[in-house]
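I have placed the structure first, in the form of structure tokens, so that the comments after it can refer back to it.
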Amino acid sequence: MPEQYQRPAEMAKAYEPQQVEPYLYAWWEQSGFFTASNHSDAKPFTISLPPPNVTGELHNGHAMYVVEDVMVRWHRMLGDATLWLPGIDHAGIATQLQVERLLISEGTSRQAVGREEFLRRTWEWKAKYGGEIQQQLRKLGFSLDWTRERFTMDAGLSSAVRTAFKKLYDDGLIYRGLRLVNWSPSLQTAVSDVEVEHQDRDVSMYEVRYPVAIEEPSTVRLTLTAEAKNQATWGSGSWAADATEFITVATTRPETIMGDTAVAVNPEDPRYQHLIGKYVVLPAIGRHIPIVADSYADPTFGTGVVKITPAHDPNDYQVAQRHNLPMINIMNLDATLNNEAGPYAGMERFAARAAVLADLEKEGLLVATRPHRMSVGIAQRGGEVIEPMLSEQWFVNVKPMAAMALAAVTEGRTKIVPERFEKVYTHWLENIQDWCISRQLWWGHRIPVWYTLDGKIIVPGPDDPEPQGEGIYQDPDVLDTWFSSGLWPFSTLGWPDDTADMRKFYPTSVLETGYDILFFWVTRMMMMGCYLTGQAPFETIYLHGLVRDKDGRKMSKTYGNVVNPLDYVRQYGADALRFTLITSGTPGQDLNFNPERTESARNFANKLWNITRFVLTKLGTDWKTDDSVIVGASCLLNFPYTLADRWIMSRYAWLVGDVDRLMKSYNFGEAGRQIQDFLWSEFADWYVEIAKVQLDGDDARKHLTREVLYTVLEGSLRLLHPFMPFVTEEAWQYLTGRAAEPQNRGTPEQQSQTPQVASIVLQPFPQPDSAIIDAQAEKDIELVRGLIVGVRNIRNEYKVEPARQVAAILVAGESTALLQAQRALIARLARIDDAQLQIVESLAEKPTSAAALVVGAIEVFLPLAGLIDLSAEQARLAKELEAAEADATRREGRLANGGFVDKAPAAVVQREREGLAAVHATIIRLRERIEDLG
RNA sequence: GGGCGAUUAGCUCAGUUGGUUAGAGCGCUACGUUGACAUCGUAGAGGUCACUAGUUCAAGUCUAGUAUCGCCCACCA
């Protein structure tokens, strides 16, 4: 605990989060409140923090971890052995890019400094930003078990990666092969399918004439000799001039013509029947390529003729395999054209496109150019157009794992919340393709494979010695970042070793993350977890929505609308930001972050602070915490509490029940909103005001009122603590009289032996107790509140100064006893002069020069001398009469409906009848009043 | 081409299994330094719950369709 903080003996007038938060967090952490015990008997509750990338600062998406903190703090208060394990992801591509950028800013480059130095610099980067991220997470109040922090490239986790790789390799699921992969030319690495985003773009579709060869097939040249490549320039030779027939292909990528090894037509297409089996001469380089029949060619699309470029298009790749066509790679790794491209060698792919088009145009082979909208593959990192490229890479055959991951969900062993994402999950896993896991990067887990000179592959286990010998070398590539993240829920607990943490905390309870990484991460963890540990890694997968800006736009650096959560923590406090994020939306739905809400959440924290301040002053110095009050409230039923006491306890009981239900169904936002609503609109606005009246009573009344104030507030603080940990802790410290006590309570073990723990963090979470619910009290207070609001309304309409006490006559009928009992608070809250307040059962002569309020059978007269305007009063009453009559008509209609009376639940019908009776009573009295005035 | 989500007050959003007169915050109007809080209080204005047709005694809520916006998936050269 920072020495410099000294909690003031008295609560400050306003809550100042900046003063309190750092100190409270340090205290919590140092006291070991967040450290999970793996040898307690309590049932475990585990969440592995989705590790943030070590790329830099946190953004508001990370602040959504608050959902996890709410769950974790809640379960900790429920007494579970709660572990929230933090960590950081090395984030291969993203981090490497950042460090490369840094090097470039220093005037050097990754290539210039070399692999070893580059890695040293990247570890340096990790040390710096990893530390910053930890501090940021602390500032948000996240109750993470820092003693168990992990990094994906720690020794233990790296060993887990090698164990997993070895197992999958030995099981025949990891293999190496030459495949068409998604190639990122600027990063010069392969990426997996999920790392390719698709954008619709307006491009051009070109129709290009290919001359049909006049030579016999036996003389065709399928490949070019070196000389031919040099000679094959436009217009040379007779092939173009001699051609008598042309076939027109449609293409969006004319620059790949040099890689064509066939053109395809649909076997059913009558236009091209006679050409199947013949050859065409490839423009630009003069190679002869066959015309094949394949159903891939759609007769209704383009010209019905497709050029087949197997090395640069996934569909063409398939066609080539069916027809045993050669595959010609015409590109270098940086997407410039290579020597196979003849005259275009050395050109960048898009420059080559322009050059080829110009030449085709010149030769009269470009027939048409049409606008075309198509989906283009874009690199998730970097945003460039992905190039399909033939390349030797490592792959995982994920089908067997996918089947296990699928079964875990369909059999209900793992539940996905909201449920609709189950469909997305299953659809994806059912159609899954092999996963390319090798990356041509330096930052990451080096692929644990060694090659010998004679081409053998050695995959040692994690504990085996590194293969040594003449010419033996390790694969230079690294693994996809998501390979190691896929092991996160168990590698962090010590897998593959049989550790105490694994036994206690695995499988984990909840995985909570954004739906945007469902395919990247969630499915991978499910597959790896099921396959490698034999158990689904989570009981529940809870997916939250994306945080957008206040206008619903995605946060992005280019828009400049990225929000740094720490800015809001500084300005409004962590609780305010947390409460905003948790209450701004609903499960699984994107939420628009509106800073105005953070301001009002800050106001709420301050309101709570001041409620506490008020209660504290009313408790007095002699107040002692009664533990029975903290534990439960049932004991309250045995004492002569007032109607208002019983009402607020009943409302509190409802709240506890609602919160319990909402938390269990993952509706944390609604739970938070309900707590706020209760504290502000019911407890502060009404009970606290009523308590002021009651505290003027005798000692017994005072004592009971204090008990209720204390009990409800203290319980509400505990309810709210998972949402707003700081202000609830600080307020609770004051309220429970522990503010002045020494703070350090020792180790968690010592704490658990101490019955009274000093922090709200380890207090029990309020549990539903329906015995406290008092329906009659709620109904009665409802009536009293209605009268008070009615009187205030009239005062307002007649512009009675707020300070002025007025006279009033309540004609209460059957409610006389009730209202007489509540006389003091009615007088106080409606600002009626107690000496001039009459509460009578009936009144023979009703005042005429008074404003009247009618609530059912009850009438309130306010003889506002000199203020009453009779015609205005009449108009006001007439308006109310109109509303009451409309209400009566509606209710009568409903009750006259036989279906309603027969089929609706009795309670609903009953309520309707009572309502109608009340409205009738209102109408009768309103008419009387209007008549009296007339 | 499939699939999903959203549409409720001027703005940003809630609304548990269908059940009185649909709520909150911000904003707006009037008033207010009442002994916790002006980061506040009191009262108020403001909505055809996108549209259409159904189911039902009863629909913001369930069903079908339509429109608009957004997202995801998919090999249309």
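The figures that follow rest on heavy atoms only: side chains count, while hydrogens, waters and symmetry mates do not. Letters A, B, ... are given to chains in the order of the sequence lines, protein chains preceding strands, and every chain is numbered from 1.
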Rounding to the closest angstrom, what is the interatomic distance between B/A77 and B/C4 at atom P? 26 Å

Go through the steps to decide whether A/Trp654 and A/Glu778 satisfy the test side-chain hydrogen bond (donor to acceptor under 3.5 Å, both in side chains), and finish with yes or no.
CA-CA 11 Å; A/Trp654 273 113; A/Glu778 293 194 34; 3.0 Å; yes

Ranking B/A43, B/C37, B/C75 by distance to the side chain of A/Asn315, first place goes to B/C75

Exercise for the section: Establish, with yes or no, whether the OP1 or OP2 oxygen of B/G41 is under 4.0 angstrom from a side-chain nitrogen or oxygen of A/Trp680. Expected result: yes

Of B/A43, B/G19, B/A36, the nucleotide closest to the side chain of A/Phe900 is B/G19

Note to self: With a 3.5 Å distance limit and no angle check, can you tell me whether A/Ser204 reaches the backbone of A/Pro371 through a side-chain donor-acceptor pair?
What the structure shows: no

query: So, does A/Asp316 use its side chain to make a donor-acceptor pair with the main chain of A/Pro310 at under 3.5 Å?
result: no

Query raised in the report: What does A/Arg661 touch in the nucleic acid at a heavy-atom separation under 4.0 angstrom: a base, only the sugar-phosphate, or nothing?
Result: base

Residues at least two apart in sequence or cross-chain that pass side-chain hydrogen bond (donor to acceptor under 3.5 Å, both in side chains) with A/His323, listed by chain then number, are A/Asp294

Expected string for nucleotides 22-28 of chain B under the B/S/- scheme (protein heavy atoms, under 4.0 Å, primed atoms plus P, OP1, OP2 as sugar-phosphate) is ---SS--

Taking B/C37, B/C76, B/G44 as options, the one with an atom nearest any side-chain atom of A/Phe301 is B/C76

Out of B/A77, B/A36, B/G15, minimum distance to the side chain of A/Thr586 belongs to B/G15

Closest to the side chain of A/Asn796, out of B/A30, B/G15, B/A77, is B/A30

Scoring nucleotides 1-7 of chain B by protein non-hydrogen atoms under 4.0 Å (B base, S sugar-phosphate only, - none) yields --SSSS-

- Under-4.0 Å side-chain N/O to phosphate OP1/OP2 contact, A/Lys13 with B/A38: yes

Can you check the distance between B/G65 and B/G70, where both ends of the measurement are the P atom (answer in whole Å)?
22 Å

A/Pro905 has its side chain closest, among B/C31, B/G19, B/C37, to B/G19

base_contact_polar (B/A36 base, A/Glu689 side chain, donor-acceptor, <3.5 Å) = yes

Under 3.5 Å side-chain donor-acceptor pair for A/Tyr15 and A/Asn603: no

Result for side-chain contact (heavy atoms from CB on, under 4.5 Å) between A/Val280 and one of A/Val305, A/Val249, A/Asp260, A/Ile289 points to A/Ile289

